[in-house]
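Take a look at the structure below.
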Amino acid sequence: MEQAQALDDMGVHYIGFIFYAASKRYVMANLSLSDLGNFQPKNAKKVGVFVNEPVDQLLNIVQEAGLDMVQLHGDEDADYCAIVQKQVPLVKVFRVGDKMPTLAPFENAADYYLFDTDSKMYGGTGAHFNWELIKGNVIGKPYFLSGGIGPNDIGGIEVMKKTKAGSDLYALDINSQFEIEPGNKNLEKIKSFIDALV
């Protein structure tokens with residue numbers, strides 16, 4: 001919780017809590033739902049990251065943890081997303097491999113998209129996908145760019161902003177490149193990255 005508070009004080013806009021038990025960053029290994037519910041950030045939104053969670057269970061966690069948003073990182077279809085989106089703002093994750101993913105079914109079932117690197121496993125890979133695959137597309141919805149983003153990507157992010165897809169680039173999802181170990185953030189590195197972006 002100290003790190004979450006420090007990130008909020010730093011002005012980070014979103015703090016993700018991973019509710020996927022197979023993840024090395026599984027939040028419930030260290031914190032309870034009431035711990036999360038008691039955390040009231042001033043700047044940041046609390047985002048729950050889920051993978052193929054039963055809807056009732058997900059909505060219960062949203063309530064008990066006081067989550068502001070959810071990020072769906074599994075195989076959730078548009079019907080599932082629409083049910084959840086009625087209760088809480090929703091980010092739908094698309095894993096990008098060798099072609100642009102199909103977004104149309106989710107147009108009315110997500111508030112935001114997130115593009116991450118394709119993998120056989122759920123969750124982050126710490127590796128980039130080929131940003132060229134999305135640059136020439138009009139995304140049509142604000143999106144988060146993810147996938148191994150690190151301090152060396154500042155220039156590439158500036159280039160991305162000037163492309164067709166860049167007009168909808170809303171946020172950067174950073175994780176593994178800013179960790180000392182899974183779940184333990186390097187706060188100084190994050191602060192330097194934020195300062196370099198501004």
Side-chain angles (χ1 to χ4, degrees), residues 13-29 33 36 45-149 160 163-176 182:
H13 297 108
Y14 300 94
I15 302 174
F17 299 98
I18 298 181
F19 290 92
Y20 179 47
S23 171
K24 294 176 285 190
R25 303 178 182 92
Y26 181 48
V27 67
M28 302 303 289
L33 291 177
L36 291 168
K45 303 275 190 204
K46 296 189 289 186
V47 184
V49 181
F50 296 91
V51 175
N52 301 331
E53 188 79 24
V55 171
D56 292 348
Q57 178 71 9
L58 181 148
L59 294 176
N60 184 56
I61 291 170
V62 167
Q63 183 126 19
E64 288 198 37
L67 299 178
D68 300 301
M69 291 174 79
V70 298
Q71 183 185 119
L72 300 181
H73 221 296
D75 306 309
E76 302 89 0
D77 64 15
D79 290 341
Y80 178 108
C81 292
I83 292 166
V84 174
Q85 191 202 19
K86 285 192 176 109
Q87 306 298 321
V88 62
L90 185 143
V91 182
K92 179 58 185 146
V93 176
F94 297 91
R95 300 191 291 276
V96 184
D98 55 7
K99 62 179 193 279
M100 180 72 187
T102 303
L103 307 177
F106 296 89
E107 193 173 327
N108 298 313
D111 298 284
Y112 305 90
Y113 298 144
L114 184 150
F115 298 115
D116 199 359
T117 307
D118 195 16
S119 159
K120 289 187 175 68
M121 300 176 298
Y122 299 107
T125 63
H128 281 125
F129 66 89
N130 181 3
W131 294 1
E132 297 296 329
L133 291 168
I134 67 169
K135 279 183 179 176
N137 294 277
V138 176
I139 307 302
K141 196 178 287 290
Y143 69 91
F144 292 65
L145 186 62
S146 188
I149 292 173
M160 175 67 93
T163 66
K164 269 190 187 175
S167 62
D168 290 315
L169 176 56
Y170 175 72
L172 302 172
D173 184 308
I174 62 171
N175 199 355
S176 59

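Please read these numbers as outputs of a predicted model, since none were measured by experiment. Hydrogens, waters and symmetry mates play no part in the numbers below; they use all other heavy atoms, side chains included.
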- Exam field: side chain Lys45 to backbone Met69, donor-acceptor pair closer than 3.5 Å: no
- Task: Please step through ring pair (Phe, Tyr, Trp, His ring centres under 6.0 Å) for the pair Phe144 and Tyr112, ending with a clear verdict.
- Result: CA-CA 7 Å; Phe144 292 65; Tyr112 305 90; 5.7 Å; yes
- Which is it for Lys141 and Asp168 under the side chain to side chain contact (heavy atoms under 4.5 Å, CB included) test, yes or no, and what are the steps along the way? CA-CA 6 Å; Lys141 196 178 287 290; Asp168 290 315; over 6 Å; no
- Item | Separation of Ile174 CD1 from Leu145 CG (nearest 0.5 Å) | 12.0 Å
- Message: Looking at every heavy atom in both Leu133 and Lys99, which two are closest together, and how far apart are they?
- Response: CD1-N, 3.9 Å
- Heavy-atom check, side chain of Leu169 versus side chain of Met160, under 4.5 Å: yes
- Item | Worked check of side chain to side chain contact (heavy atoms under 4.5 Å, CB included) between Leu33 and Met28 | CA-CA 8 Å; Leu33 291 177; Met28 302 303 289; 3.8 Å; yes
- Which heavy-atom pair separates Gln85 from Asn108 by the least distance, and what is that distance? OE1-O, 3.3 Å
- Would you please indicate yes or no on a ring centroid separation below 6.0 angstrom for Tyr143 and Phe94? no
- Query: Looking at side-chain heavy atoms only, is the closest gap between Leu72 and Leu58 below 4.5 Å?
  - Reply: yes
- Message: For a quick test of reading the model, state the closest non-hydrogen atom pair linking Leu36 to Lys46 and the distance between them.
- Response: O-NZ, 2.7 Å
- Query: Which atoms form the tightest heavy-atom contact between Arg95 and Gly74, and what is the distance?
  - Reply: NH1-O, 3.9 Å
- Note on the structure: What one should report as the nearest heavy-atom pair of Leu103 and Phe115 is CD2-CE2, 3.9 Å
- Please round to the nearest 0.5 Å and tell me the distance separating atom CZ of Phe129 and atom CG of Asp98. 13.0 Å
- Under the salt bridge (Lys or Arg N to Asp or Glu O under 4.0 Å) test, residues paired with Lys135 that sit two or more places apart: Glu132
- Message: Whether the side chain of Arg25 engages the backbone of Tyr20 through a donor-acceptor N/O pair (distance < 3.5 Å, no angle test) should be reported.
- Response: no
- Any donor-acceptor N/O pair, Asn137 side chain to Ala165 backbone, under 3.5 Å: no
- Taking every heavy atom of Ala78 against every heavy atom of Pro105, the minimum-distance pair comes out as CB-O, 3.2 Å
- Side-chain heavy-atom pair Gln71, Ile18 within 4.5 angstrom cut-off: no
- Query: Do Thr163 side-chain atoms and Gly136 backbone N/O form a donor-acceptor pair below 3.5 Å?
  - Reply: no
- Message: Donor-acceptor check, side chain of Asp116 to backbone of Gly147, threshold 3.5 angstrom: yes or no?
- Response: yes
- Side-chain (Lys92) to main-chain (Cys81) donor-acceptor, under 3.5 angstrom: no
- Could you give the distance from NZ (Lys86) to CG (Leu59), rounded to the nearest 0.5 Å? 11.5 Å
- Note on the structure: Value for OH (Tyr113) from CD1 (Ile139), rounded to nearest 0.5 Å, stands at 9.0 Å
- Message: Are the side chains of Leu67 and Val88 in contact, using a 4.5 Å heavy-atom criterion?
- Response: no
- Side-chain (Tyr80) to main-chain (Glu53) donor-acceptor, under 3.5 angstrom: yes
- Task: Supply the atom-to-atom distance Ile61 CD1 to Asp56 CG, rounded to the nearest 0.5 angstrom.
- Result: 11.0 Å
